[in-house]
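Inspection log for the structure reproduced underneath, given as structure tokens.
Just so you know, ligand 1 is whichever comes first in the structure, and atom 1 is the first atom listed for that ligand. FYI, side chains are in, hydrogens and waters are out, and symmetry mates aren't considered; it's all heavy atoms of this structure.
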Amino acid sequence: MQVSNLLSGKRGIIFGALDSNSIAWKVAEKCHEQGAKFTLTNAPVALRMGAINQLAEQCGSTVIPADATNMTDLDNLLQKSQEILGGKLDFILHSIGMSLNVRKNKPYTDLDYDYFQKTLDISGLSFHRVLQSAYKSEVMNKNGSILALSYIAAQKVFPFYNDMADAKALLESIARSFGYHFGKRDGVRVNTVSQSPTRTTAGSGVKGFDTLYDYANIISPLGNATAESCADFCVVMFSDLSRMITMQNIYHDGGYSSTGVSVELIDIMNK
Ligand code: NAI
């Protein structure tokens, strides 16, 4: 794509790059290409896998461990990032999701509630924690942009998405609610991007993922959105080009969310 320096001079934090399939990994690569400076972060246990160091080297970034459910870690991350990057922040990507109920194959009608609380804490509440820490410490520049990644199971039922659906509904609600306060006080924007099924560690953990992926691909007039295209869109959302968009859940899904049925699906059903 022929755009350059869309994020020149901007500073940020990118959560959630686990390996080169991660959506956050692609976002980091694109932000780097577009001239941004940023720190990378992930849960200490994920950092032990080591892949993130390769990305950090590629992007000239520092890696700062932070469990997104721990306020001390988050406060430290925000403060250190400012010090390292040399000023206030312009963007943050929250790209975090995990459900022990999904991992342990607990069906939605037989959830373990300790796991459920963890799902909500890691995949939903952690966004509030990031926002609250950023709001209180006043780390964001005016017109800054904060994004989290969501999925359409927040609006429609996908039985195997399990308690992650509730976490995504919470996540999207937090973006709206906090977006009001952050917008009023600091002109900072808060949005969620609802992405197509994507082959990553988190995505592939959902039961029946391959079928879900193929189904969405057949329904969507543009086909499924790739992680790369999602990363391009995140760059736009971090740039000043999207400066009046806030408190939205934006579908980045090739048209899936607005399509009832496709000719291709009818043809398959008729066979
Ligand atoms: P991924 O598995 O590469 O990324 C998930 C990340 O969450 C990992 O880096 C993991 O270490 C991190 N994480 C888990 N617990 C954490 C904690 N306590 N503190 C800090 N980080 C923690 O998978 P992917 O697909 O790139 O996921 C990124 C986001 O995109 C998630 O919010 C996911 O729900 C969302 N999404 C993914 C889709 C897919 O089909 N892959 C579709 C729509 C949204």
Original post:
Are the side chain of Asp253 and the backbone N or O of Ser257 linked by a donor-acceptor pair below 3.5 Å?
Top reply: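 Checked: pair present.
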
Subject >> Step-by-step salt bridge (Lys or Arg N to Asp or Glu O under 4.0 Å) determination, Asp240 to Lys10 >> reply: CA-CA 10 Å; Asp240 296 337; Lys10 293 204 185 289; 3.0 Å; yes

Original post:
Who's touching ligand 1 if we go heavy atoms under 4.0 Å?
Top reply: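 Contacting ligand 1 under 4.0 Å are Gly16, Leu18, Ser22, Ile23, Asn42, Ala43, Ala46, Ala66, Asp67, Ala68, Ser95, Ile96, Gly97, Ile122, Leu149, Ser150, Tyr151, Tyr161, Lys168, Gln195, Ser196, Pro197, Thr198, Thr200, Thr201, Ala202, Gly203, Phe209.
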
**OP:** For residues 161-170, pull every pair meeting side-chain hydrogen bond (donor to acceptor under 3.5 Å, both in side chains), keeping only residues two or more places apart or in separate chains.
**Re:**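 Every side-chain hydrogen bond (donor to acceptor under 3.5 Å, both in side chains) pair that includes a residue of residues 161-170, provided the two are not neighbours, is Ser99-Asp163, Asn101-Asp163, Tyr108-Asp166, Thr119-Asp163.
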
Original post:
Which residue pairs satisfy the side-chain hydrogen bond (donor to acceptor under 3.5 Å, both in side chains) criterion with at least one member in residues 87-98, sequence neighbours excluded?
Top reply: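 Pairs touching residues 87-98 that pass the test: Asp90-Asn141, His94-Ser126.
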
**OP:** Report yes or no: is the cationic atom of Arg11 (NZ for Lys, CZ for Arg) closer than 6.0 Å to the six-membered ring centre of Phe91, at no more than 45° off its axis?
**Re:**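 No, a cation-pi geometry is absent between Arg11 and Phe91.
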
**OP:** May I have all residue pairs that pass ring-ring contact (aromatic ring centres under 6.0 Å, His included) and include part of residues 60-82, sequence neighbours excluded?
**Re:**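 Non-adjacent pairs meeting ring-ring contact (aromatic ring centres under 6.0 Å, His included): zero.
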
